[in-house]
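Presented below is the structure to which this report refers.
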Amino acid sequence: MKTYFMKKRIACVLFLVILILFSILNFSLNYDNIKSQVEKTNITNTLSKEYRGVIETALDENILSKYSFIEAYGSIQLLLGKYEVDNFSIVKDHEGVLYNTYFGTGVSYEINSIVDTIDKIRNIASNSGAEFLVVSPPDKFLNGVSHYRKGYPYNYTNENIDYFEELLRKKGIFFVELRSVFEKSNSKLEDIFYMTDHHWTTQASFVVFQQLVWQMEKHYNISLDKNRFFTDRTNYSHLLYQNIFLGSQGRKTGVTYSGLDDFILIYPNFSTLFTFTIPSYDYYATGLMEDVIIDTSQIKKEMTIYEKDYYGIYQKGVAYPYGKISNVLNVDGPKVLAIRDSFSCVPLTFFASVCKEMDLIYPYEFDGNITELIEQGEYDYVMVFAYPGNMTNAFYNFRFH
């Protein structure tokens with residue numbers, strides 16, 4: 001019996017020693033990154049919860065052999081026949097599609113204040129002579145399309161969209177409704193959304209671009225695409241890259257558990273000439289859409305599948321406060337301000353073809369004055385992309401006059 005407990009103690013000590021050594025090694029290798037993250041914040045209290053949170057996040061994101069641990073965890077979940085990981089934060093449906101979810105309790109009434117903020121922006125736009133609209137993307141939980149497992153947690157995303165759109169109607173705010181378009185499309189979910197990511201596919205994004213143009217034309221009685229040239233998908237190249245894309249959900253479960261998505265690169269077959277500027281990236285370029293707005297070089301870069309974000313090659317992603325696209329070949333088009341989220345990257349890339357200029361702001365990063373931007377921008381249209389997963393006051397936190 002003494003030998004038995006001695007073995008247990010030795011095993012416990014060895015485990016603690018390995019854990020401590022791994023922690024020391026991980027911290028020492030990530031010290032420069034942690035220091036950089038802390039210096040970017042204005043936190044001065046080193047004992048505060050926020051300060052510890054910055055350090056913890058930096059360590060978690062750069063942990064040694066991070067994806068080897070994730071792959072091992074995902075493999076075990078797969079062998080156990082489990083359809084959820086990380087305490088139901090991600091679940092897998094009957095078709096192998098991954099979903100972000102949580103145990104929701106009902107509609108989020110935070111949406112009320114978000115709609116009030118949107119209405120405030122609408123009034124500023126209207127007083128400045130600009131038309132205003134909202135683009136309302138769906139979530140993966142598409143009625144009649146998704147094959148979600150019964151009994152698994154549900155975050156009330158469709159009910160939140162219903163409530164959001166109901167409030168927009170009551171305030172008389174025009175919005176581009178997209179959920180029913182995909183529910184009635186007879187398309188498979190994997191053609192609308194990536195299996196390993198929460199974003200819609202590039203081919204679905206093109207449908208969004210079409211709907212945006214057509215619904216705006218109908219509502220405002222205008223002609224953005226007179227001959228239906230830009231919205232004709234046959235005027236675009238479609239390059240298929242098979243089993244190449246691991247989305248944000250797949251990066252949390254590992255390739256073994258999630259598999260890989262195909263990626264279709266869509267770009268114009270016709271002549272284009274754009275200028276794209278992102279001040280915070282010190283980026284300025286003029287050229288073809290596929291060279292300037294679509295960063296096709298990302299596909300050939302020597303990076304692991306965990307590091308590559310194929311969705312983000314359009315407009316260089318979303319995580320910058322301000323960008324500007326100028327269409328040199330369409331000087332008679334409208335000038336647009338797009339208050340965007342990550343769902344806007346691909347559709348707005350194509351939408352740039354029917355515009356003269358397009359200013360892009362990302363609410364989570366933008367710290368400028370939204371009132372001044374709209375009043376001084378001389379915009380024809382101001383649009384807000386409102387993905388249900390971003391329905392928080394923290395995301396739509398603007399500075400007004």
Side-chain angles (χ1 to χ4, degrees), residues 83 90-102 104 106-108 111 114-115 118 133-170 173-219 231-233 238 247-249 261-264 266 311 340-348 350-351 383-391:
Y83 300 104
I90 294 179
V91 300
K92 182 189 286 188
D93 74 4
H94 293 284
E95 303 295 324
V97 178
L98 302 182
Y99 299 75
N100 291 327
T101 191
Y102 55 86
V107 170
S108 170
I111 294 172
I114 293 166
V115 172
I118 289 174
L133 65 147
V134 173
V135 181
S136 180
D139 195 65
K140 269 186 173 179
F141 296 92
L142 283 172
N143 293 323
V145 184
S146 302
H147 298 277
Y148 197 67
R149 295 178 184 276
K150 291 183 178 179
Y152 276 56
Y154 174 61
N155 57 14
Y156 287 83
T157 184
N158 281 314
E159 289 77 6
N160 282 330
I161 294 173
D162 289 338
Y163 186 62
F164 176 65
E165 292 179 352
E166 177 189 346
L167 293 178
L168 293 178
R169 286 191 191 95
K170 287 181 177 179
I173 298 174
F174 168 57
F175 64 91
V176 176
E177 193 276 326
L178 296 165
R179 186 173 39 165
S180 64
V181 172
F182 291 113
E183 289 178 344
K184 298 173 183 176
S185 66
N186 295 320
S187 298
K188 294 182 179 179
L189 188 65
E190 63 194 67
D191 294 324
I192 303 171
F193 287 93
Y194 293 108
M195 296 180 69
T196 68
D197 197 90
H198 66 290
H199 290 110
W200 43 32
T201 61
T202 49
Q203 54 270 38
S205 296
F206 193 88
V207 173
V208 174
F209 158 58
Q210 291 174 319
Q211 288 295 321
L212 181 57
V213 171
W214 296 340
Q215 291 191 39
M216 284 180 68
E217 287 183 330
K218 181 178 179 180
H219 182 79
T231 51
D232 184 349
R233 66 171 60 247
H238 295 67
S248 59
Q249 294 163 332
D261 277 298
D262 294 340
F263 180 78
I264 298 177
I266 303 176
Y311 183 83
R340 64 196 194 119
D341 54 31
S342 57
F343 273 69
S344 72
C345 296
V346 186
L348 287 183
F350 304 129
F351 190 75
M383 66 173 67
V384 176
F385 270 74
Y387 170 62
N390 293 327
M391 292 287 184

Query raised in the report: Can you name the residues that form a side chain to side chain contact (heavy atoms under 4.5 Å, CB included) with Tyr152, not counting sequence neighbours?
Result: Tyr83, Glu84, Phe88, Val91, Tyr148, Arg149
Under the ring pair (Phe, Tyr, Trp, His ring centres under 6.0 Å) test, residues paired with [X] that sit two or more places apart:
| X | value |
| --- | --- |
| Phe343 | His198, His199, Trp200, Tyr387 |
| His147 | none |
| Tyr156 | Tyr154 |

Which atom pair, heavy atoms only, marks the closest approach of [X] to [Y]?
| X | Y | answer |
| --- | --- | --- |
| Gly247 | Thr196 | N-OG1, 2.7 Å |
| Tyr311 | Phe263 | N-CE1, 4.2 Å |
| Arg233 | Gln203 | NH2-O, 4.0 Å |
| Asp341 | Ser344 | O-OG, 2.7 Å |
| Ser187 | Val145 | O-CG1, 3.7 Å |
| Pro137 | Ala386 | CD-O, 3.3 Å |

Given side chains that start at C-beta, do those of [X] and [Y] come closer than 4.5 Å, heavy atoms only?
| X | Y | value |
| --- | --- | --- |
| Leu189 | Asp93 | yes |
| Ile266 | Ile264 | yes |
| Pro138 | Phe193 | yes |
| Asn158 | Asp139 | no |

Could you measure the distance from the [atom1] atom of [X] to the [atom2] atom of [Y]? Nearest 0.5 Å is fine.
| X | Y | atom1 | atom2 | result |
| --- | --- | --- | --- | --- |
| Asp261 | Thr201 | CG | OG1 | 9.5 Å |
| Leu142 | Ser180 | CG | OG | 10.5 Å |
| Leu212 | Phe385 | CG | CZ | 6.0 Å |
| Phe164 | Phe175 | CZ | CZ | 8.5 Å |
| Ser248 | Leu98 | OG | CG | 9.5 Å |
| Leu348 | Phe350 | CG | CZ | 10.5 Å |

Query raised in the report: Should the ring pair Phe174 and His219 be called parallel, tilted or perpendicular, given that the plane angle runs from 0 to 90° and is split at 30 and 60?
Result: parallel
**Report entry** Mutual orientation of the aromatic rings belonging to Tyr99 and Phe141 [parallel < 30°, tilted 30-60°, perpendicular > 60°]
**Finding:** tilted
**Report entry** Donor-acceptor contact present, side-chain Lys140 to main-chain Asp197, <3.5 Å
**Finding:** yes
Requested in this report: May I ask you to decide if Thr231's main-chain N or O and Gln210's side chain share a donor-acceptor pair within less than 3.5 Å?
Outcome: yes
Requested in this report: Please step through side-chain contact (heavy atoms from CB on, under 4.5 Å) for the pair Met383 and Phe351, ending with a clear verdict.
Outcome: CA-CA 12 Å; Met383 66 173 67; Phe351 190 75; 3.8 Å; yes
**Report entry** Flag for Asn160-Ser108: side-chain donor and acceptor within less than 3.5 Å
**Finding:** no
Requested in this report: State, without any angle test, whether Arg179 and Asn143 hold a side-chain donor-acceptor pair at a distance under 3.5 Å.
Outcome: no
**Report entry** Under the salt bridge (Lys or Arg N to Asp or Glu O under 4.0 Å) test, residues paired with Glu95 that sit two or more places apart
**Finding:** none
Query - Non-neighbouring partners of Ser136 that pass side-chain hydrogen bond (donor to acceptor under 3.5 Å, both in side chains), sequence neighbours left out - result: Glu165
Requested in this report: Apply side-chain contact (heavy atoms from CB on, under 4.5 Å) to Ile90 and Asn100, showing your working.
Outcome: CA-CA 5 Å; Ile90 294 179; Asn100 291 327; 3.8 Å; yes
Query raised in the report: Going through the distances and angles, do Asp191 and Phe182 end up as a side-chain contact (heavy atoms from CB on, under 4.5 Å)?
Result: CA-CA 10 Å; Asp191 294 324; Phe182 291 113; over 6 Å; no
